[in-house]
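Computed over heavy atoms, backbone and side chain alike; hydrogens, waters and symmetry mates excluded. In this text the structure is predicted, and so the values were computed from the model without any measurement. The chains referred to below are lettered A, B, ... by the order of the sequence lines, with proteins before strands, and numbering in each begins at 1.
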2 protein chains.
Amino acid sequence: MNLTPLAQNFVLHFGEMGSRWGINRTVGQIYALLYVSQRPLNADEIAEALNFSRSNVSMGLKELESWRLTKLQHLPNDRREYFSAPEDVWAIFRTLAEERRKREIDPTLSMLRDALMAAPSNAEDLHVQQRMREMHDLIEMATLWFNDVQKLEPETLKQLMKMGSHVTKLLEMKDKLKTVAGGRASSARAANPENQST
Amino acid sequence: MNLTPLAQNFVLHFGEMGSRWGINRTVGQIYALLYVSQRPLNADEIAEALNFSRSNVSMGLKELESWRLTKLQHLPNDRREYFSAPEDVWAIFRTLAEERRKREIDPTLSMLRDALMAAPSNAEDLHVQQRMREMHDLIEMATLWFNDVQKLEPETLKQLMKMGSHVTKLLEMKDKLKTVAGGRASSARAANPENQST
DNA sequence: CTATAATTTCAGTAATTACTGAAAATTCAG
DNA sequence: CTGAATTTTCAGTAATTACTGAAATTATAG
């Protein structure tokens with residue numbers, strides 16, 4: 001297995017990027033390799049292509065599995081395990097986001113919630129709680145939104161993203177209709193009073 | 001400067017989280033401290049509160065400044081520099097995202113674009129380029145979208161997020177209106193043909 | 001079962017990253 | 001200017017994280 005300069009370059013770049021995102025360089029490179037590979041690869045092929053020790057590859061693959069980012073399969077007449085990345089980039093992105101939520105966002109939210117339960121014992125803690133609440137609310141809202149939007153068809157999502165900030169026009173349109181028709185057309189999720197403001 | 005257990009806990013948690021996101025523990029803790037603090041703090045106060053050396057705090061603050069996450073101010077009759085975090089969590093989040101885009105997304109996009117310019121020299125590279133293109137398109141779309149949505153008023157953004165996947169209903173509504181009215185109401189950004197699909 | 005192929009584990013080591021204290025540089029009141 | 005206060009730099013060291021090779025474990029063909 002010898003990488004073309006094109007693939008080589010891609011793999012190295014993702015190694016670097018990985019390390020900026022708390023994923024180690026090796027794991028980044030392994031995934032980049034699987035991502036651009038035309039066919040599933042076994043651990044020895046990966047080790048050879050990237051010049052890592054076999055055991056390093058084993059650990060890297062285990063890590064990637066724990067992120068649910070690889071597919072494992074067997075080839076006929078071959079005992080070795082073959083790994084690949086999903087074909088759909090959106091799916092990869094979604095999995096990554098879900099896993100990060102589970103590992104980082106959820107624990108943070110739960111820490112914040114716990115801290116907000118306690119009665120503040122002084123003015124300082126009152127302020128600390130206020131700040132924590134602001135952060136909690138932002139993270140929670142973003143998470144709920146993400147969770148929700150994730151369920152959309154990729155096509156619908158693409159359509160929405162392409163609209164960008166022009167969605168506002170839809171909102172305005174809706175509000176006008178609502179005013180004219182007597183306010184029965186709302187489709188917003190929450191009964192949260194903040195929703196009505198401004 | 002002595003931290004209450006509430007603040008202590010928050011600070012430690014963000015130290016850990018930081019290190020999972022490629023930000024070092026010290027920097028995470030310093031920012032968490034500034035974030036919950038009622039008033040701006042100088043470097044000595046930070047060093048004392050977190051038990052770091054003065055020089056470590058200096059480096060941490062420099063790092064935070066490079067992310068544009070701190071505000072620097074002076075107090076009357078005091079030569080020392082006082083640091084604080086912006087009051088608006090949304091603003092913090094936005095700055096963080098912008099800065100990460102500049103440092104990680106933009107270079108990646110440019111690497112991908114460059115790689116896609118080259119004529120593939122064989123079937124393998126053709127496939128590599130295909131995969132790179134998929135990734136490029138996803139990242140670019142997400143970036144453009146983010147860039148666009150970032151300009152909205154926080155209130156509008158909140159409203160949109162609270163709607164979650166219900167925005168689809170607006171889309172459907174729009175499509176119906178379009179059909180009835182003869183297709184003049186489109187507000188989608190791109191002339192991209194993909195936009196029409198499904 | 002047994003033998004061999006394949007994978008995982010893990011102790012030791014290498015490489016990287018974080019942190020400190022001392023010294024240098026900068027800032028500013030007098 | 002001068003000199004004290006403040007901040008920054010940086011070489012050295014500590015701590016952490018990554019990686020390897022050898023040994024142990026697991027899986028499977030015969």
Point to revise | Distance-only polar pair, side chains of A:Trp90 and B:Glu134, donor-acceptor under 3.5 Å | key: no

Exercise for review: Applying salt bridge (charged side-chain N to carboxylate O under 4.0 Å, His left out) between B:Glu45 and each of B:Arg39, B:Arg80, B:Arg54, report the one that passes.
Suggested key: B:Arg39

Practice item. Ignoring backbone atoms, test whether A:Arg80 places a side-chain nitrogen or oxygen under 4.0 Å from the OP1 or OP2 oxygen of C:dA6. Key: yes

Check your understanding: Could you state the CG-P distance from A:Leu75 to C:dA6, rounded to the nearest angstrom?
Key -> 13 Å

Practice item. In whole angstrom, give the distance that lies between atom CH2 of A:Trp21 and atom P of D:dT17. Key: 19 Å

**Study point:** Gap between atoms CD1 and C1', on A:Ile23 and D:dA18 respectively (whole Å)
**Key:** 15 Å

Exercise for review: Report yes if a side-chain nitrogen or oxygen of A:Lys62 is closer than 4.0 Å to either non-bridging phosphate oxygen (OP1 or OP2) of C:dT7; otherwise report no.
Suggested key: no

Point to revise | Spacing between B:Leu61 atom CG and D:dT6 atom C1', to the nearest angstrom | key: 13 Å

Review point. Whole Å only: how far is the CG atom of A:Asn77 from the C1' atom of D:dA29?
Key: 11 Å

Practice item. Starting from P on C:dA29, measure out to NE2 on B:His74 and report it in whole angstrom. Key: 10 Å

What pairs of nitrogen or oxygen atoms, one from the protein and one from nucleotides 19-25 of chain C, lie under 3.5 Å apart?
{"residue": "C:dC19", "atom": "OP1", "partner": "B:Arg25", "partner atom": "NH2", "Å": "3.2"}
{"residue": "C:dC19", "atom": "OP1", "partner": "B:Thr26", "partner atom": "OG1", "Å": "2.8"}
{"residue": "C:dC19", "atom": "OP2", "partner": "B:Thr26", "partner atom": "OG1", "Å": "2.0"}
{"residue": "C:dT20", "atom": "OP2", "partner": "B:Ser53", "partner atom": "N", "Å": "2.9"}
{"residue": "C:dT20", "atom": "OP2", "partner": "B:Ser53", "partner atom": "OG", "Å": "3.0"}
{"residue": "C:dT20", "atom": "OP2", "partner": "B:Asn56", "partner atom": "ND2", "Å": "3.1"}
{"residue": "C:dG21", "atom": "N7", "partner": "B:Ser55", "partner atom": "OG", "Å": "3.1"}
{"residue": "C:dG21", "atom": "O6", "partner": "B:Ser55", "partner atom": "OG", "Å": "2.8"}

**Study point:** Whether over 12 other heavy atoms sit under 6.0 Å from A:Lys62 NZ
**Key:** no

Review point. Under 3.5 Å, is there a donor-acceptor pair linking the side chains of B:Ser66 and B:Arg103?
Key: yes

Point to revise | Option from A:Leu69, A:Val11, A:Leu41 for which side chain to side chain contact (heavy atoms under 4.5 Å, CB included) with A:Leu34 holds | key: A:Leu41

Revision key, fill the gap. Sorted by position of nearest nucleotide on DNA chain C, 5' first, the leading residue of A:Ser19 and A:Ala43 is A:Ala43

Practice item. Look at A:Ser58 and C:dT7 and indicate whether a side-chain polar atom (N or O) is within less than 4.0 Å of OP1 or OP2. Key: no

Point to revise | Crowding at CD, A:Glu153 (>12 non-hydrogen neighbours, <6.0 Å) | key: no

Practice item. Figure out the CG/P separation between B:Leu50 and C:dA18, and round it to whole Å. Key: 17 Å

Review point. Could you state the CD1-C1' distance from B:Ile46 to D:dT6, rounded to the nearest angstrom?
Key: 14 Å

Review point. Looking only at N and O atoms, is any donor in the side chain of A:Arg79 or the base of C:dA6 less than 3.5 Å from an acceptor on the other one?
Key: no

Check your understanding: Given A:Glu140 and A:Arg113, is the salt bridge (Lys or Arg N to Asp or Glu O under 4.0 Å) satisfied, shown in steps?
Key -> CA-CA 10 Å; A:Glu140 183 165 64; A:Arg113 255 194 295 269; 3.3 Å; yes

